[in-house]
Amino acid sequence: MTTPPAEASVPYGELPGGAYAVVTMRHTAEAALQAWAEILPTLSSSGHKLDPGRSVMERYTEDMVSRHLCELCFPVLE
């Protein structure tokens with residue numbers, strides 16, 4: 001891990017690796033609520049479990065933002 005700049009005003013660190021279930025969705029509160037409501041049953045029915053030791057992340061790219069999309073990345077146990 002590299003040392004963060006002295007002027008860094010946001011937390012800086014390293015994320016643990018592993019598998020993620022990635023949901024691409026419209027970047028709206030309604031879509032986020034729907035994704036959260038559906039992810040656990042979907043993971044369960046596919047034989048996966050959410051990994052409580054890692055954080056759920058939101059991911060954005062310039063292209064996705066221009067189309068009002070984002071990704072929710074749910075950590076799953078392998």
Side-chain angles (χ1 to χ4, degrees):
M1 181 167 90
T2 42
T3 305
E7 67 277 359
S9 61
V10 294
Y12 188 88
E14 210 170 288
L15 296 171
Y20 285 82
V22 179
V23 177
T24 302
M25 59 179 217
R26 301 286 303 160
H27 191 225
T28 65
E30 294 82 12
L33 288 171
Q34 182 178 353
W36 276 100
E38 294 177 3
I39 193 63
L40 292 178
T42 301
L43 288 175
S44 180
S45 69
S46 66
H48 293 89
K49 292 184 181 180
L50 197 61
D51 183 349
R54 294 185 287 148
S55 299
V56 174
M57 296 182 286
E58 292 182 27
R59 186 166 57 179
Y60 303 87
T61 64
E62 186 176 342
D63 177 60
M64 290 173 64
V65 170
S66 71
R67 295 183 293 135
H68 306 286
L69 299 173
C70 71
E71 292 176 326
L72 282 179
C73 305
F74 295 89
V76 293
L77 296 169
E78 296 184 71

Please name all residues satisfying ring pair (Phe, Tyr, Trp, His ring centres under 6.0 Å) with His68, sequence neighbours left out, ordered by chain then number.
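His68 satisfies ring pair (Phe, Tyr, Trp, His ring centres under 6.0 Å) with no other residue.
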Please identify each residue that fulfils ring pair (Phe, Tyr, Trp, His ring centres under 6.0 Å) with Tyr20, with sequence neighbours left out.
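For Tyr20, no residue satisfies ring pair (Phe, Tyr, Trp, His ring centres under 6.0 Å) once neighbours in sequence are set aside.
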Using residues 38-46 as the side-chain source, report each donor-acceptor pair under 3.5 Å to any protein atom, sequence neighbours left out, with the distance given to one decimal.
unit_1 : atom_1 : unit_2 : atom_2 : d
Glu38  : OE2    : Gln34  : NE2    : 2.9
Thr42  : OG1    : Glu38  : O      : 2.7
Ser45  : OG     : Pro41  : O      : 3.3
Ser45  : OG     : Thr42  : O      : 3.0
Ser46  : OG     : Thr42  : O      : 3.2
Ser46  : OG     : Leu43  : O      : 2.9
Ser46  : OG     : His48  : ND1    : 3.0

Would you say the side chain of Pro75 lies within less than 4.5 Å of the side chain of Val56, judging by non-hydrogen atoms?
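Heavy-atom side-chain distance check passes, below 4.5 Å.
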Walk me through whether Met25 and Leu72 qualify under side chain to side chain contact (heavy atoms under 4.5 Å, CB included).
CA-CA 8 Å; Met25 59 179 217; Leu72 282 179; 3.8 Å; yes
Shortest non-hydrogen contact between [X] and [Y], atoms and distance:
{"X": "Cys70", "Y": "His27", "result": "SG-CD2, 3.6 Å"}
{"X": "Ser66", "Y": "Asp63", "result": "OG-O, 2.7 Å"}
{"X": "Met64", "Y": "Arg59", "result": "CE-O, 3.9 Å"}

Short side-chain to backbone donor-acceptor contact, Arg54 and Gly17, under 3.5 Å:
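The answer is yes, because a donor-acceptor pair under 3.5 Å joins these two groups.
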Does any N or O in the side chain of Arg26 come within less than 3.5 Å of the main-chain N or O of Ala32, such that one atom is a donor and the other an acceptor?
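Answer holds: no.
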Between Val76 and Leu15, is there a shared hydrophobic cluster once you connect ILVMFWY residues whose side-chain heavy atoms come closer than 4.5 Å?
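As far as the 4.5 Å side-chain criterion goes, Leu15 and Val76 are not connected within one cluster.
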Taking a hydrophobic cluster as the set of Ile, Leu, Val, Met, Phe, Trp and Tyr residues connected by side-chain heavy atoms closer than 4.5 Å, whether directly or through intermediates, do Tyr60 and Met57 fall within one such cluster?
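No, because Tyr60 and Met57 fall into different hydrophobic clusters, even though each may have its own neighbours under 4.5 Å.
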